[in-house]
Structure formats: C-alpha cells, structure tokens
Amino acid sequence: MTRIFGVIGYPIGHSLSPAMHTAAFRALGLDALYEPFEVAPRFLAPMLRGLTLAGVEGLNVTVPLKEAVLPLLDRVDSNARAIGAVNTIVIRGRRLIGYNTDGLGLRMALQELGWRPRPTCAVILGAGGAARASAWELSRIRGSCLTIANRHPRRAQTLVRWLKRTHPHACIQAVPLSEVALDDAELLINATTVGMRASDGLPVDARQLRRGMLVYDLVYHRQTPLVRAARRRGCVAANGLSMLLYQGAASLRLWLQRQPPIAVMRHALERAATSDMRQATRP
Ligand SMILES: NC(=O)c1ccc[n+]([C@@H]2O[C@H](COP(=O)([O-])OP(=O)(O)OC[C@H]3O[C@@H](n4cnc5c(N)ncnc54)[C@H](OP(=O)(O)O)[C@@H]3O)[C@@H](O)[C@H]2O)c1
C-alpha cells in the first residue's frame, strides 16, 4: 500500500519539500507519496484529524501553523516544546507526535561550511519564527554571545526575554536592525525575509562584512544579495537551501527510521529552487 506523507502550511504552493522528499522516497525504493496540503489556520484541527484518518504517516509543518499545531498534538518532544514550534509530525497508531528539526538543520548547514559548535560571537538578523529557532540552537552553546537585531526592536527584545528565561546567564542582547554593529561578529545569520524578492537589497550595510566572518542567509530561493556581497568581501557564505535539506533529512529519519539519501535530496532541492526562481522571474 502506498504510504502518504506531506507538508501543511498556508499558502503552500512554493514549498520545495515535495521535490526533495519525493526524490528521497524514489531513491529508497519506497512506495510513498509526499503531498503539499494547503491548510487555512481555522481548518487546522479538522484537517489534522482528516489526514490522520486517511492514514498519513508524517507531516512537515510550515508557516503560519508551526505554533498553532502544538495544542493539537498528543505529545511534543522537549526541544520543540522549548522552542514553542513544531515543524515535523510523526503519526503512529493515530497518535500525533511533534518535533522541531529546524535547529538541527541550521547546525548541520553551518558545520558543512566549516563552523564548529564552540562559543561564538553571533548576530541574528530578524526576530520571527526562523530567528527564534536559530537563536535557540546557538544559545545552547555555553559561552556564546548573541545579538538579535530586528527592524521592530520590541520584537527582538521579546525574543531576548524569552531566551533569558531558559538561559538566564547567557550573553544575549537586542538591538534595532538599523544600529547593528558587526565588528566582533564571527557568525552572521539572516533570518529576515529580506532577499526573498528579486528587488530586495541587503539587510545590513555590505561594508560591515569582512573576511573571516561566516554568513548564512536563511532565504533559500535564490543566491541572495547578502550571500553575493559577503563572498565578494571574502566571507564564507551560503543561502538557506542546506538548512532546508538537513531539517528535511531529519524529518525523514523520524518518519522512516532510515538514513536519508542526502545527495539525492540536495540535487532535487537545487533543481526545484532553480525552476522556482525561473518561474518567479518570468514576466
Ligand atoms: N532555510 C530554511 O530551512 C528556513 C527555515 C525557516 C525559515 N526560513 C526563511 O527565513 C526567513 C524568515 O522566516 P520566518 O518564518 O522567521 O518569518 P517571520 O516570522 O514572518 O519573520 C520575518 C522577519 O523578517 C523581518 N523583516 C521583514 N521585512 C523586513 C524588511 N523589509 N526589513 C527588515 N526586516 C524585515 C521581520 O522584521 P519585523 O519583526 O520588524 O517585521 C521579521 O524579523 C524567510 O525568508 C524564510 O523563508 C528558512
């Protein structure tokens, strides 16, 4: 019998996950489907019930449902509970178990660029859901210094207060995005949406980027102006495609208890991202 997996979000049309997971299932010789399900927030509870009854075995969860899904699950893994967001659901015997693989995805993506989990002076641009998962992951490294810079500074302050509740002694500060200074930063993470549109510029002044800095842009649909500028200025830099890859690979491991075919998944993602970008730029 064909096994069914999928991703829920609203909207969901531009998700690259179906291409990645479909390629993985094929490589693993699995008779399985991965479908995008567009779920308006008000229909989340009945849709989850329906998908469970239909025999769906696993789901990814994307914006704007990552927080809303929490109270609807039978169990939430401690990491996802701490972050306050779920991006993966495993469904076994009609029981729904929530996980968050975004942090692990980020860590694996950074390690691929040569970063090692040691005390780091890091700046995160943005204070939304992706910034929250990134900040959570980095603040787990004792001795690190973290700056959260956001356009609306109140949101950055809220994120810092939240982090300090679980890491009371951590070195974490909030600043307005317009005042961010990268003098001491070893790691810069863009978790804003700046760079998603073809017309976007950089979220920070390019002159602040310098050799030795690792720059990771969570935006994954294109090679962003930030990544291009960072490379020109001698930084190691990449866009968020690798984080998408590793969070997806971690989801697949949770659903199937098997090693994910990373190379196949990466290739499928790169192809899907390129075709998505071509469609977006078509007049
Ligand atoms: N690679 C991956 O696996 C992965 C995973 C998750 C997310 N992402 C990407 O991460 C990005 C953020 O996603 P999210 O879910 O965190 O979104 P979100 O919760 O909506 O947060 C958006 C963030 O972008 C900032 N922002 C929006 N427009 C801006 C502008 N013109 N100038 C400066 N800042 C601006 C917002 O600042 P304000 O608070 O001031 O509005 C906020 O901090 C998206 O590009 C998403 O695709 C990638």
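Order of appearance sets the numbers: ligands from 1, and atoms from 1 within every ligand.
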Please find the pair of heavy atoms, one from Q208 and one from V180, that lie closest to each other, and give the distance. NE2-O, 2.9 Å

Parallel, tilted or perpendicular: which describes the rings of F25 and F5, with under 30° parallel and over 60° perpendicular? tilted

Ignoring hydrogens and angles, tell me if any N or O in the side chain of S144 forms a donor-acceptor pair with the backbone of C121 under 3.5 Å. no

Does any donor atom in the side chain of S242 or Y216 lie under 3.5 Å from an acceptor atom in the other side chain? yes

Taking less than 2.5 Å as the test, are the sulfur gamma atoms of C145 and C171 close enough? yes

Chain-and-number sorted residues having a heavy-atom contact under 4.0 Å with ligand 1 are V63, G126, A127, G128, G129, A130, N150, R151, H152, R155, L177, A191, T192, T193, V194, M196, L218, V219, Y220, G240, M243, L244

In T62, T101, N60, the residue satisfying side chain to side chain donor-acceptor pair (under 3.5 Å) with N87 is T101

